[in-house]
Amino acid sequence: MSTAGATADPLAALGALPGVADSVESVRKSVDRVYGHRIMRRRSNAITSEAALRGARGSAALAGADWALEEVRRRTDFSGDEEARTVGAALRLTAEAGQLLSIWRQSPLRVLARLHLVVAADKADQVGRPRQEGEPVDEPLVGLPLPRAAEAHGRLEGLAELIIAGGSAPALVTAAVVHGELLALRPFTSHNGLVARTAERIVLIGSGLDPKSVCPAEVGHAELGREAYLEALDGYVSGTPEGMAAWIAHCGRAVELGARESTAVCEALQRGAA
C-alpha cells in the first residue's frame, strides 16, 4: 500500500486513483440491479444460498480445484483427495464468513485467525496464527517473492489498524486492498488464497455494499481466469498507482460478474427453471 503514502486515510487516497471512481460506480450499478430484481423481494435467502455455493466453487477453482458446479452441489464427502479437501474448505469458509461480520471491524486479525483455523484444521500447531520466521508457505499458485515473517506481521497489523479506524474509502477499495495484501503477504503457512477471498467477501458484506451476500466476487475472479488474477496481483504488489488501480479495477470486475451470475439465478427462478 505504498502508493497511499502517509496520508491520514490511505485507503481513501487509493480511491482517488485514476479510473477507480469509475470502477466503484460500475460495481454499485451492478449490485443495485441484483437487489432491484423482483425475485430478491421474495426469495433473497435462496439467492444468498446459491451465491455462497457458486462463490465457494469459484474460490476453490482458483486454488486448483476447478470442479463443475453440479459436482460441488452433489458431493457430500470432501475428505478424499487434495482437490476434494480444497472444495470442502472453500465451502466451510463461505459458511463461516457470515458468522464473523460483527467481529471484523473490531478485531480483523482474530477473524483471519479463525478463517485459517476453519480452512486448515489438519495443520496442527501452524493453524490459526501467522507464520514464524523460517516456516515454509504452501501456496504454489502464487509465485511472488515471499516477505519475511516480521514484515508480514507488521503489515498485517497495519492493515488491521486501517480497518478498525474506518474511513471514507469505498467498499470496493477496502475489499481489494484486504484481498491483495493477504495474497502478497501470505501470512499463514497455507490456504492464504482461500482466506484472502473470504476476507474480501466479508468486507463487501459488512460494508453494506452487498449485505445479503448475493454478488460473489469469487465467481468473477474464477471467470476472469487465474492468469489475469495473478497479473493484476502483480500490479498490486508493484505499489505503483497504475498497478494498484488495475488491481482494484480487476476486483471490481469480479464483483460485477458475481452480480451478473446472481441476476441470472434470479431470472431462472422467475421462469421456474431453478
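It should be emphasised that the depicted structure is a prediction, and the values quoted were computed from it without experimental measurement.
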Which residue pairs satisfy the ring pair (Phe, Tyr, Trp, His ring centres under 6.0 Å) criterion with at least one member in residues 202-221, sequence neighbours excluded? His179-His221, His221-Tyr229, His221-His250

Sidechain-backbone polar pair: [X] side chain, [Y] backbone, donor-acceptor under 3.5 Å:
{"X": "His191", "Y": "Leu117", "result": "no"}
{"X": "Arg75", "Y": "Arg73", "result": "no"}
{"X": "Thr48", "Y": "Lys212", "result": "yes"}
{"X": "Glu139", "Y": "Asn192", "result": "yes"}
{"X": "Ser238", "Y": "Gly243", "result": "no"}
{"X": "Arg226", "Y": "Ala61", "result": "yes"}

Side-chain polar contacts of residues 147-154 - donor-acceptor pairs under 3.5 angstrom, sequence neighbours left out - could you list them?
residue, atom, partner, partner atom, Å
Glu151, OE2, Arg155, NH1, 3.1
His153, NE2, Arg131, O, 2.8

Got a sec, which pairs hit side-chain hydrogen bond (donor to acceptor under 3.5 Å, both in side chains) with one end in residues 166-178, sequence neighbours left out? Asp9-Ser168

Please collect all side-chain hydrogen bond (donor to acceptor under 3.5 Å, both in side chains) contacts where either partner lies in residues 96-112, sequence neighbours excluded, each pair once. Glu96-Arg114

In the hydrophobic clustering (ILVMFWY, side-chain contacts below 4.5 Å, transitive), which residues join Leu141, or is it alone? none

If you measure from [atom1] on [X] to [atom2] on [Y], what distance do you get to the nearest 0.5 Å?
{"X": "Leu162", "Y": "Glu157", "atom1": "CG", "atom2": "CD", "result": "11.5 Å"}
{"X": "Leu172", "Y": "Glu200", "atom1": "CG", "atom2": "CD", "result": "8.0 Å"}
{"X": "Glu50", "Y": "Cys266", "atom1": "CD", "atom2": "SG", "result": "10.5 Å"}

What one should report as the nearest heavy-atom pair of Ala84 and Gly80 is CB-N, 4.1 Å

Does the side chain of Arg201 pick up a donor-acceptor pair with the side chain of Thr198 at under 3.5 Å? no

Could you go through Arg57 and Val87, starting from their C-alpha distance and side-chain angles, then the distance that decides it, and tell me whether this counts as side-chain contact (heavy atoms from CB on, under 4.5 Å)? CA-CA 7 Å; Arg57 192 217 72 83; Val87 174; over 6 Å; no

Hey, is Arg74 close enough to Glu71 for a salt bridge, meaning N to O under 4.0 Å? yes

CA sep, side-chain torsions, deciding dist, call: Leu53, Leu91, side-chain contact (heavy atoms from CB on, under 4.5 Å): CA-CA 7 Å; Leu53 183 72; Leu91 289 166; 3.9 Å; yes

Enumerate the residue pairs fulfilling salt bridge (charged side-chain N to carboxylate O under 4.0 Å, His left out) with a member in residues 235-262, sequence neighbours excluded, ordered by first and then second residue. Arg54-Glu261, Glu223-Arg260, Arg253-Glu256

same_hphob_cluster(Leu93, Val219) at 4.5 Å side-chain heavy-atom cutoff: no

